[in-house]
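All residue numbers in this chain count up from 1 along the given sequence.
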Amino acid sequence: MMERLNRAKISYRLLFITFWLLLLFFAIKVWASWTTRSLCLFAEALRSILDCFSTLLSLMTLAAFPRSTRWTIWSHRRRETLIVLLLVALVGFAGLSLLGIALLQLYALWQQPTLETIAPIKPALIWLLIALLLVQWGLLLFERHEARVLQTGILRVNASHMLQDVWVTSGAILGVIAVASGLRWLDPLLTLALLLLTGVSLWRLLNWQIPSLVRQMVIAPEVLAKLAQQFEGVVACSHIRTQGMIGRLVFVQMRLLLRPEFRLAAKTIVDRLESRLRERYGAVEIEILIDIDQPRSQKLK
């Protein structure tokens, strides 16, 4: 139990640091796009909001997940609902605005190919964006490593979303280099592509993250109870709660009642049960509480 709580604390601190670094990256991208008037960089900065949002939801999930003094499955509250609505409204408004401007620029460039639609991009700015990308790659690789070491599904989910964003950022920076070399029409075209990818990423992010914040039954309790009672020494399995989505990330809570003679083997039984659950359902975060069955003579007393 304490080992699981320590892993959760380490994961929380790592995500907390990641969140503030992503906010810094977002601010740099906004500054770069404002300086150059590049729609492509604006669209890339808009995508960075999704990374911040994903990390923020992961932090909320870890903050709400079982602690030593809390035995409950949580649900979304007004705060999470408000954040989701604000994100969708922000991405929708900014995305539609960029879409309109990009189409206007394409039409203007078609009418006048030599039209200067963006400010000159200095080599120093390009090197800054490349350095930023390298830092993002390092942060991503470190988070994936920690996810394997700590065996934390939340870190794996967050790292998976960051990986997609880093690849898109790499393509956007290559596009900025091409625009700086004179291909002005490429800036609005890349903007349209990035807006499309942003919409797909937003939908995917909501499908990945929201189920971990919503109260629902993922696995039938009787199925988990039957699975737990297959192990020798388990008398009963109760207080079963599940949440999340199978194949992505599932949270499981249960209470096991063991025979007295299996008291010393409790940790082994729990480890085997956790391994069985992960084999069957994939990424799983598990909390198992142990009770020892008392002999009937002691119960009568």
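The side chain to side chain contact (heavy atoms under 4.5 Å, CB included) with K29 is formed by just one residue from the set L132, L41, L46, L24; it is L132.
Atom CG of L134 sits in a crowded spot, with more than 12 heavy atoms from other residues, nucleotides or ligands closer than 6.0 Å. In the displayed structure, E232 atom CD is contacted under 6.0 Å by at most 12 heavy atoms of other residues, nucleotides or ligands.
The two residues P260 and I292 have their closest heavy-atom pair at CA-CG2, 3.7 Å. Residue A172 comes nearest to C40 through the heavy atom pair O-SG, 4.1 Å, listed as atom of the first residue, atom of the second, then distance. Scanning all heavy atoms of the two residues, the minimum distance from D187 to S38 falls at OD1-OG, 2.8 Å. Here the closest heavy-atom approach between residue L125 and residue A32 is recorded as CD1-CB, 3.7 Å. The heavy-atom pair separating V30 from A45 by the smallest distance is CG2-CB, 3.9 Å. Of all heavy-atom pairs spanning P188 and L106, the tightest one is CG-CD2, 3.6 Å.
Interatomic distance, Q253 CD to L289 CG, rounded to the nearest 0.5 Å: 8.0 Å. Taking CG of L196 as the reference point, atom CG of L99 lies at 10.5 Å (rounded to 0.5 Å). We find the CD1-NZ distance between I288 and K267 to be 11.5 Å, quoted to the nearest 0.5 Å. In this structure, NE2 on H239 lies 12.0 Å from CD on E287, to the nearest 0.5 angstrom. Expressed to the nearest 0.5 Å, how far CG of L195 lies from CG of L190 amounts to 11.0 Å. Rounded to the nearest 0.5 angstrom, L23 CG and I28 CD1 are separated by 11.5 Å.
In this structure, I49 is not a member of the same hydrophobic cluster as L197, with clusters built from ILVMFWY side-chain heavy atoms closer than 4.5 Å. Residues L139 and L141 are members of separate hydrophobic clusters, defined by side-chain heavy-atom contacts under 4.5 angstrom among Ile, Leu, Val, Met, Phe, Trp and Tyr. Residue L194 is not grouped with residue I173 when hydrophobic side chains (ILVMFWY) are merged at heavy-atom distances under 4.5 angstrom, including chains of intermediate members. A continuous path of hydrophobic side-chain contacts links L90 to L98 [ILVMFWY only; heavy atoms under 4.5 Å]. L104 and L39 fall into different hydrophobic clusters, where Ile, Leu, Val, Met, Phe, Trp and Tyr side chains are chained together by heavy-atom contacts under 4.5 Å.
In this structure, the side chains of D291 and L256 stay at 4.5 Å or more apart for every pair of heavy atoms. Side chains of L14 and T18 form a contact here, defined as non-hydrogen atoms less than 4.5 Å apart. Counting heavy atoms from C-beta on, the side chains of E44 and V168 come closer than 4.5 Å. Side-chain contact between S170 and L133 is present, with at least one heavy-atom pair separated by less than 4.5 Å. Between M254 and L273, the closest side-chain pair of non-hydrogen atoms falls below 4.5 Å.
Panel note: side chain T242, backbone I219; a donor-acceptor pair is recorded below 3.5 Å.
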Intermediate values then yes/no, side chain to side chain contact (heavy atoms under 4.5 Å, CB included), L224 and L277: CA-CA 9 Å; L224 292 178; L277 289 174; 3.6 Å; yes
V91/F53 under side chain to side chain contact (heavy atoms under 4.5 Å, CB included): CA gap, chis, key distance, verdict: CA-CA 11 Å; V91 173; F53 177 73; over 6 Å; no
- request: Check the pair R144 / L163 against side chain to side chain contact (heavy atoms under 4.5 Å, CB included), numbers first and verdict last.
  value: CA-CA 10 Å; R144 295 186 70 179; L163 177 62; 3.9 Å; yes
query: F25 and V135: side chain to side chain contact (heavy atoms under 4.5 Å, CB included), yes or no, with the steps?
result: CA-CA 9 Å; F25 298 159; V135 174; 3.5 Å; yes
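Taking a cutoff of 4.0 Å between a charged side-chain nitrogen and a carboxylate oxygen, R278 and E274 qualify as a salt bridge. Using a 4.0 Å cut-off between charged side-chain N and carboxylate O, R47 and D51 make no salt bridge.
Taking the six-membered ring for Trp and thresholds of 30 and 60 degrees, W20 and F16 have ring planes more than 60 degrees apart, a perpendicular arrangement.
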